[in-house]
Engineer: 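Before I ask anything, let me first share the structure, which is written out below as structure tokens.
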2 protein chains.
Amino acid sequence: MVTLESRRKIPRKAAIVAKTGLPSRTRGPSPKKTARTRNAIVRAAVDEFLERGFAGSTMAGLAERARLAKGTLYLYFQTKEALFSGVVRDIVSNPLSDSESQPILPGERVGDYLRRTLLPVMRQMEKTGRASIARVVMAEGAQFPFLGDVYREGAYEPLLAHIRSCARLALSRGELKDDALARYPHLLVAPLWGGIIHNAMIDQRHPVDVGDLFEAQLNTYFPK
Amino acid sequence: MVTLESRRKIPRKAAIVAKTGLPSRTRGPSPKKTARTRNAIVRAAVDEFLERGFAGSTMAGLAERARLAKGTLYLYFQTKEALFSGVVRDIVSNPLSDSESQPILPGERVGDYLRRTLLPVMRQMEKTGRASIARVVMAEGAQFPFLGDVYREGAYEPLLAHIRSCARLALSRGELKDDALARYPHLLVAPLWGGIIHNAMIDQRHPVDVGDLFEAQLNTYFPK
DNA sequence: CTCTAAAGTGACCATGTGGTCATTTATGGT
DNA sequence: ACCATAAATGACCACATGGTCACTTTAGAG
């Protein structure tokens with residue numbers, strides 16, 4: 001597990017473009033190609049990691065999936081871990097379903113607001129592959145702390161903060177009777193975790209509808 | 001990944017005892033020794049797997065932990081996977097905290113019953129290492145279906161069944177106002193999953209108290 | 001078309017690891 | 001003490017895999 005720091009004498013542009021995103025006007029294949037290639041790698045990596053996990057994935061298999069040579073991968077990512085990290089970052093910080101930015105309507109109860117904005121997002125979780133990402137974080141987070149970091153900052157913490165502020169608003173309006181949710185916004189998302197785990201790891205034969213689970217929890221804390 | 005089926009001409013007793021548990025009255029080291037050795041292996045394996053996960057564990061490291069030679073492990077388990085399986089089976093089907101068998105007192109409300117019997121168990125989850133097992137299931141369950149199977153049958157399904165029956169009882173007594181919990185007993189344990197994931201994978205720096213989380217959920221569904 | 005820099009390649013290497021087995025060590029019966 | 005048998009050992013092997021690099025291909029500029 002020794003990582004040599006030696007760089008090649010002639011710096012490759014791909015790696016640089018991949019990092020800085022700056023196009024360069026010189027000779028050689030179009031810099032747009034580097035973007036396409038990078039995308040191909042990322043897409044293949046997502047599939048590979050989701051299917052096999054981090055440890056189970058191989059750079060060779062990944063390269064084959066992307067229809068590239070193994071060496072090419074290393075023009076874009078210095079190590080397997082860097083590739084993993086980059087992929088997760090890409091997905092998590094996607095133009096995500098930012099239900100968090102939708103405003104509450106005048107006169108709308110907090111519960112109804114969450115049912116209107118958050119519930120649809122949660123119902124989509126498994127279809128959009130966001131559940132899969134969550135699964136990878138669960139599976140590999142303990143071994144690769146950067147994974148948890150990326151996920152926490154890109155998705156988890158923002159959502160918790162949003163729920164917390166909603167809970168506080170509801171509390172101040174008297175729409176919640178206790179401060180459980182304000183103190184533990186985790187409670188509202190917990191059914192998602194429970195459902196994802198149930199479906200993916202424990203009982204694939206009898207899956208639960210994660211959306212229904214979330215809705216039931218929502219309705220319990222914010223009665224209709 | 002080719003597994004040869006060839007057995008040695010002279011069958012080793014260790015493997016046999018390990019499987020059948022039958023002592024044999026012949027010469028050679030006492031058969032009790034095989035039991036001790038097996039225990040040493042299992043204990044070391046638990047630690048190793050919990051610490052590094054399945055893929056991350058090595059048979060050599062495991063052997064060192066157990067203060068045995070690598071070859072010895074293969075006298076008790078045919079493959080790394082078999083060892084993993086055996087270990088998980090051992091733990092899950094332990095003399096577990098069978099709060100499920102405790103009876104409800106006459107006149108006791110279901111909520112109080114659960115607070116009395118289930119809450120302490122949940123509070124102990126992280127200390128007793130049961131949370132770690134759950135973590136391993138989460139991490140490796142997708143890759144090793146038998147893991148989910150063992151966990152489901154040994155721990156998950158019994159608990160869900162217990163909660164479901166409690167929920168039905170409470171519903172019939174009017175102590176619950178809707179059938180959410182009866183339909184989705186998962187909701188009551190969901191905070192555990194959420195908490196474990198939060199603490200282990202996402203935000204080790206700001207852990208939540210899993211027991212508190214569970215209690216808050218319990219109090220929401222069964223108000224005091 | 002030619003030249004040149006960048007993109008892409010895949011044989012190769014070093015390392016780590018699951019699994020084997022001939023040999024050695026321990027132990028109870030005689 | 002000695003034997004027979006089971007338990008334990010660790011050098012060894014085959015192979016997979018992360019990472020490298022000298023070389024080939026591609027394509028824009030002149």
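Chain letters run A, B, ... following the sequence lines, proteins first and then strands; every chain starts at 1. Only this structure's heavy atoms are used, side chains among them; waters, hydrogens and symmetry mates stay out.
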Engineer: Go through the structure and list residues passing side chain to side chain donor-acceptor pair (under 3.5 Å) with A:Arg164, not counting sequence neighbours.
Structural biologist: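 Applying side chain to side chain donor-acceptor pair (under 3.5 Å) to A:Arg164 gives none.
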Engineer: In whole Å, I'd like the distance from the CD atom of A:Glu64 to the C1' atom of C:dG8.
Structural biologist: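 Those two atoms, CD and C1', are 17 Å apart.
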Engineer: Tell me whether the side-chain N/O atoms of A:Thr37 come closer than 4.0 Å to OP1 or OP2 in C:dG8.
Structural biologist: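 Yes, such a contact exists.
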Engineer: Counting side-chain heavy atoms from C-beta on, which of D:dT9, D:dA7, C:dA7 comes nearest to B:Tyr76?
Structural biologist: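 Of the candidates, D:dA7 comes closest.
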Engineer: Atom CD of A:Glu48 to atom P of D:dT17: distance rounded to whole Å?
Structural biologist: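 Taking CD of A:Glu48 and P of D:dT17, I get 10 Å after rounding.
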Engineer: Starting the side chain at C-beta, find the nucleotide from C:dA7, D:dA8, C:dG18 nearest to B:Leu75.
Structural biologist: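 Comparing C:dA7, D:dA8, C:dG18 against the side chain of B:Leu75, the answer is D:dA8.
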Engineer: Can you tell me how far C1' of D:dG19 sits from CD of A:Glu81, to the nearest Å?
Structural biologist: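 After rounding, the gap between these two atoms is 14 Å.
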Engineer: Side chain to side chain donor-acceptor pair (under 3.5 Å) with B:Thr220: which residues, sequence neighbours excluded?
Structural biologist: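 Residues passing side chain to side chain donor-acceptor pair (under 3.5 Å) with B:Thr220: A:Tyr221.
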Engineer: Hey, can you pull the donor-acceptor pairs under 3.5 Å for the side chains in residues 207-214 of chain A, sequence neighbours left out?
Structural biologist:
from: A:Asp209; atom 1: OD1; to: A:Gly211; atom 2: N; distance (Å): 2.7
from: A:Asp209; atom 1: OD1; to: A:Asp212; atom 2: N; distance (Å): 2.9
from: A:Asp212; atom 1: OD1; to: A:Arg123; atom 2: NH1; distance (Å): 3.1
from: A:Asp212; atom 1: OD1; to: A:Arg123; atom 2: NH2; distance (Å): 3.1

Engineer: Heavy atom of residues 49-62 of chain B under 4.0 Å from DNA chain C: which residues?
Structural biologist: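 Close to the strand are B:Ser57, B:Thr58, B:Met59.
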Engineer: Between the base of C:dG19 and the side chain of B:Lys80, is there a donor-acceptor distance below 3.5 Å?
Structural biologist: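 There is none.
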Engineer: Given B:Glu48, which of B:Lys80, B:Arg65, B:Arg43 fulfils the salt bridge (Lys or Arg N to Asp or Glu O under 4.0 Å) condition?
Structural biologist: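 With B:Glu48 as partner, salt bridge (Lys or Arg N to Asp or Glu O under 4.0 Å) holds for just one option, B:Arg65.
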Engineer: Return the nearest nucleotide to the side chain of A:Thr72; candidates are D:dT9, C:dT9, D:dC12.
Structural biologist: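 Within the option list, the nearest is C:dT9.
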Engineer: Please list, chain by chain and in numerical order, all residues satisfying salt bridge (Lys or Arg N to Asp or Glu O under 4.0 Å) with A:Arg183, sequence neighbours excluded.
Structural biologist: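 Residues passing salt bridge (Lys or Arg N to Asp or Glu O under 4.0 Å) with A:Arg183: A:Asp179.
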Engineer: Would you mind reading off the distance between A:Leu73 atom CG and D:dT17 atom C1', rounded to a whole angstrom?
Structural biologist: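 For the pair A:Leu73 CG and D:dT17 C1', the rounded distance is 13 Å.
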Engineer: In whole Å, I'd like the distance from the CG atom of B:Leu83 to the P atom of C:dG19.
Structural biologist: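 Rounding to the nearest Å, CG of B:Leu83 and P of C:dG19 are 10 Å apart.
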Engineer: Select one nucleotide: of D:dG19, D:dA8, C:dG10, the one nearest the side-chain heavy atoms of A:Tyr74.
Structural biologist: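 Nearest listed nucleotide: D:dG19.
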Engineer: Roughly, in whole Å, what's the span from NZ in B:Lys70 to C1' in C:dT20?
Structural biologist: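 Between C1' of C:dT20 and NZ of B:Lys70: 9 Å.
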Engineer: According to side chain to side chain contact (heavy atoms under 4.5 Å, CB included), who are the partners of B:Ala55, at least two apart in sequence or on a separate chain?
Structural biologist: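 Result, side chain to side chain contact (heavy atoms under 4.5 Å, CB included) vs B:Ala55: A:Ala55.
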Engineer: Between B:Arg152 (side chain only) and A:Ile202 (backbone N and O only), is there a donor and an acceptor less than 3.5 Å apart?
Structural biologist: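 It does hold such a pair.
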